[in-house]
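Just below is one structure, and these are the notes that go with it.
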Amino acid sequence: MFIAVCGSLATDHLMKFPGKFSEQLVADQLEHISLSFLVEDLVLHRGGVGGNIAYALGVLGNEPLLIGAAGGDFDDYENWLSEHGVDCRGVHRSTTKHTARFMCTTDETMAQLATFYAGAMTEAGDIDLVDVVADKHPDLVLIGADDPAAMARHTAGCRAAGITFAADPSQQLARLDGDAARDLIDGAAYLFTNEYEWGLLKQKTGLSDDDIAGMVGVRVTTLGANGVDIFDTDGTTTHVDVVPVNAQIDPTGVGDGFRAGFLTGVSKGLTYERSAQLGAMIATLVLECESTQGWEWDVESAEKRLSAAYGAEAAAQIRAVL
């Protein structure tokens with residue numbers, strides 16, 4: 001399966017706060033909030049939804065096409081992605097803006113406070129997806145969090161060209177109004193959200209579970225430490241638990257890793273259950289790493305952990321296609 005990934009490209013500035021954010025909030029003073037957190041460290045990593053998912057797909061043996069916008073400072077990042085099997089010909093280069101910046105502080109409970117500077121991402125709407133894939137249409141286009149105008153244009157382009165797409169609005173749901181959010185999911189073969197985003201999507205659009213089921217194909221809702229639920233078009237619900245974590249290092253990009261693993265499984269003909277199990281394995285590897293793209297894939301180690309989590313048969317079936 002030829003997969004294209006549309007989404008943000010960013011440099012991640014990741015910090016750790018040795019305490020709990022919740023203990024710094026005064027309930028009756030939230031409208032006057034003014035806080036500064038002294039953090040322990042600062043690390044810079046390659047990131048962004050599009051970059052994270054494309055990287056993970058490449059590591060797992062796919063050859064994804066990345067579509068997004070970056071600045072003149074993207075050379076090293078592009079070389080990194082290319083070395084890991086990602087086709088970057090769909091990346092637009094801004095001549096005036098830096099690649100986007102994601103600045104995130106994580107506390108000891110894995111709660112996060114973050115800000116995002118769009119930078120070159122604001123030019124992603126200038127990209128004509130249909131033109132980029134004119135020589136070969138992807139079997140699936142994942143439309144992830146990006147400049148809202150770009151997300152809308154890519155979605156409309158897929159519909160017009162008859163290209164199958166997956167909707168993954170994630171962090172951008174906070175900026176979208178109900179009509180815009182509704183338009184992004186209508187006709188999607190897959191809808192990815194986490195549990196909170198699922199509730200926010202329904203609140204903003206006014207749509208019920210059944211309404212959304214009539215608009216999309218398979219719905220995939222991640223539940224953090226409680227795993228993931230997959231709702232098939234025939235009404236079947238499949239739950240998959242997480243792969244136990246050896247050490248929680250940083251949750252940034254965990255959802256991106258899951259999506260890449262899940263789509264890899266689907267592209268290899270695995271069932272949704274097995275695909276979600278592979279996704280859960282990648283999510284755990286990301287969680288155990290300080291960088292969203294710093295983890296490595298070792299098939300033998302992964303098979304042992306998959307076997308311990310889901311049984312030898314599940315692990316063997318997943319390994320057989322990788």
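Y55 and F102 fall into different hydrophobic clusters, where Ile, Leu, Val, Met, Phe, Trp and Tyr side chains are chained together by heavy-atom contacts under 4.5 Å. Under the 4.5 Å side-chain heavy-atom criterion for grouping Ile, Leu, Val, Met, Phe, Trp and Tyr, V141 is connected to V133 within one hydrophobic cluster. At a threshold of 4.5 Å between side-chain heavy atoms, the hydrophobic network of Ile, Leu, Val, Met, Phe, Trp and Tyr places V86 and L65 in two separate groups. Connection of V220 to V216 is not established within any shared hydrophobic cluster, with ILVMFWY side chains joined at heavy-atom distances below 4.5 Å, either directly or through further cluster members. V266 and F165 are not part of a single hydrophobic cluster, where members link through side-chain heavy atoms under 4.5 Å apart.
Taking 4.0 Å as the cut-off between side-chain N and carboxylate O, R175 and D147 do not count as a salt-bridged pair. Between D76 and R46 there is no salt bridge, since none of the side-chain N atoms of the basic residue sits less than 4.0 Å from a carboxylate O of the acidic one.
Atoms OG1 and CD, from T252 and E290 in turn, are 11.0 Å apart once rounded to the nearest 0.5 Å. Note that CG of L270 and CD of Q277 are 9.0 Å apart. Values are rounded to the nearest 0.5 Å. The structure places CD of Q172 at 13.5 Å from CD1 of I143, a figure rounded to the nearest 0.5 Å. Rounding to the nearest 0.5 angstrom, the gap separating the CG atom in D298 from the CD atom in E303 is 10.5 Å. Note that the CG atom of L278 and the CG atom of L306 stand 7.0 Å from one another [nearest 0.5 Å]. Atom OG1 of T164 is separated from atom CZ of R159 by 12.5 Å, given to the nearest 0.5 angstrom.
Looking at H92, its side chain never comes within 3.5 Å of a backbone N or O of G68 through a donor-acceptor pair. The backbone N or O of G58 sits nowhere less than 3.5 Å from a side-chain atom of N62 that would complete a donor-acceptor pair. The main-chain N or O of N79 is never found under 3.5 Å from a side-chain atom of S82 such that the two would form a donor-acceptor pair. Here the side chain of D107 pairs a donor or acceptor atom with the backbone of M110 at under 3.5 angstrom. Judged by distance alone, with hydrogens and angles left aside, the side-chain atoms of H239 form a donor-acceptor pair with the main-chain N or O of N226 at under 3.5 Å. A donor-acceptor distance shorter than 3.5 angstrom exists from the side chain of T284 to the backbone of V243, with no hydrogens or angles considered. Looking at E123, its side chain never comes within 3.5 Å of a backbone N or O of A120 through a donor-acceptor pair.
Between L322 and W297, some side-chain heavy-atom pair lies under the 4.5 Å cut-off. Under the 4.5 Å side-chain criterion, counting only non-hydrogen atoms from C-beta, K16 is not in contact with E108. For the pair L66/I53, no side-chain contact is recorded, criterion being any heavy-atom separation below 4.5 Å from C-beta on. A 4.5 Å side-chain heavy-atom check between H154 and I127 finds at least one atom pair inside the cut-off. The shortest side-chain heavy-atom distance between I230 and Y272 falls under the 4.5 Å cut-off. Between M151 and C6 the shortest side-chain heavy-atom distance does not fall below 4.5 Å. A 4.5 Å side-chain heavy-atom check between I249 and C289 finds every atom pair outside the cut-off. Side-chain contact between V286 and N52 is absent, with no heavy atoms from C-beta onward closer than 4.5 Å.
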Could you walk me through whether S208 and D211 pass side-chain hydrogen bond (donor to acceptor under 3.5 Å, both in side chains), step by step? CA-CA 5 Å; S208 67; D211 291 333; 3.1 Å; yes
Between K136 and E63, does a salt bridge (Lys or Arg N to Asp or Glu O under 4.0 Å) hold up when you go through it step by step? CA-CA 13 Å; K136 181 184 178 183; E63 297 180 352; over 6 Å; no
Let's go through L129 and C158 carefully: what are the C-alpha distance in whole Å and the side-chain angles of both, what is the deciding distance for side-chain contact (heavy atoms from CB on, under 4.5 Å) to 0.1 Å, and is it a yes or a no? CA-CA 8 Å; L129 179 148; C158 285; 4.2 Å; yes
Take T237 and D229 through the side-chain hydrogen bond (donor to acceptor under 3.5 Å, both in side chains) test and state the conclusion after the steps. CA-CA 7 Å; T237 301; D229 286 334; over 6 Å; no
Would you sort out whether L14 and T106 count as a side-chain contact (heavy atoms from CB on, under 4.5 Å), showing the intermediate values? CA-CA 8 Å; L14 306 180; T106 303; over 6 Å; no
Test side-chain contact (heavy atoms from CB on, under 4.5 Å) on L81 and Q293 and set out the steps. CA-CA 10 Å; L81 291 172; Q293 297 177 32; 3.9 Å; yes
Take K204 and L173, measure what side-chain contact (heavy atoms from CB on, under 4.5 Å) needs, and give me the verdict at the end. CA-CA 9 Å; K204 287 206 166 193; L173 278 174; 5.6 Å; no
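Under the salt bridge (charged side-chain N to carboxylate O under 4.0 Å, His left out) criterion, the residue pairs touching residues 255-279 are D168-R259, with sequence neighbours excluded.
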Extract all donor-acceptor atom pairs below 3.5 Å that involve side chains of residues 179-188 and protein atoms in other chains or at least two apart in sequence.
| residue | atom | partner | partner atom | Å |
| --- | --- | --- | --- | --- |
| R182 | NH2 | T205 | O | 3.0 |

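Relative ring orientation between F74 and Y77 is described as tilted, the plane-to-plane angle lying within the 30° to 60° band.
In terms of heavy atoms, P244 sits closest to E288 at O-OE2, 4.3 Å. Closest non-hydrogen pair, S8 versus M121, comes out as CB-SD, 3.5 Å. The heavy-atom pair separating Q112 from C104 by the smallest distance is NE2-SG, 3.4 Å. In terms of heavy atoms, A70 sits closest to V91 at CB-CG1, 4.0 Å. The minimum heavy-atom distance linking G125 with R153 is given by the pair O-NH1, 2.9 Å. Closest non-hydrogen pair, A174 versus L200, comes out as N-CD2, 4.2 Å.
With sequence neighbours left out, D146 forms a side chain to side chain donor-acceptor pair (under 3.5 Å) with no residue at all. Taking the ring-ring contact (aromatic ring centres under 6.0 Å, His included) definition, one finds that W198 meets it with nothing, sequence neighbours left out. Residues satisfying the side chain to side chain donor-acceptor pair (under 3.5 Å) test with T11, not counting sequence neighbours, are none. Under the rule for a ring-ring contact (aromatic ring centres under 6.0 Å, His included), Y190 has no partner lying at least two apart in sequence or in another chain.
Counting non-hydrogen atoms of neighbouring residues, nucleotides and ligands closer than 6.0 angstrom, the CG atom of L35 exceeds 12 such neighbours. More than 12 heavy atoms of other shown residues, nucleotides or ligands fall within 6.0 angstrom of atom CZ in F37. Applying the 6.0 Å contact sphere to NE2 of H98 captures no more than 12 heavy atoms from other residues, nucleotides or ligands. Within a 6.0 Å sphere centred on CD of E296, other residues, nucleotides and ligands contribute 12 heavy atoms or fewer. For D41, the CG atom sits in a packed shell: over 12 heavy atoms of surrounding residues, nucleotides or ligands are nearer than 6.0 Å.
Side-chain polar atoms of Y310 and Q317 form no donor-acceptor pair below 3.5 angstrom.
Geometrically, R219 engages F231 in a cation-pi contact, judged by NZ or CZ lying under 6.0 Å from the ring centre and within 45° of the ring axis.
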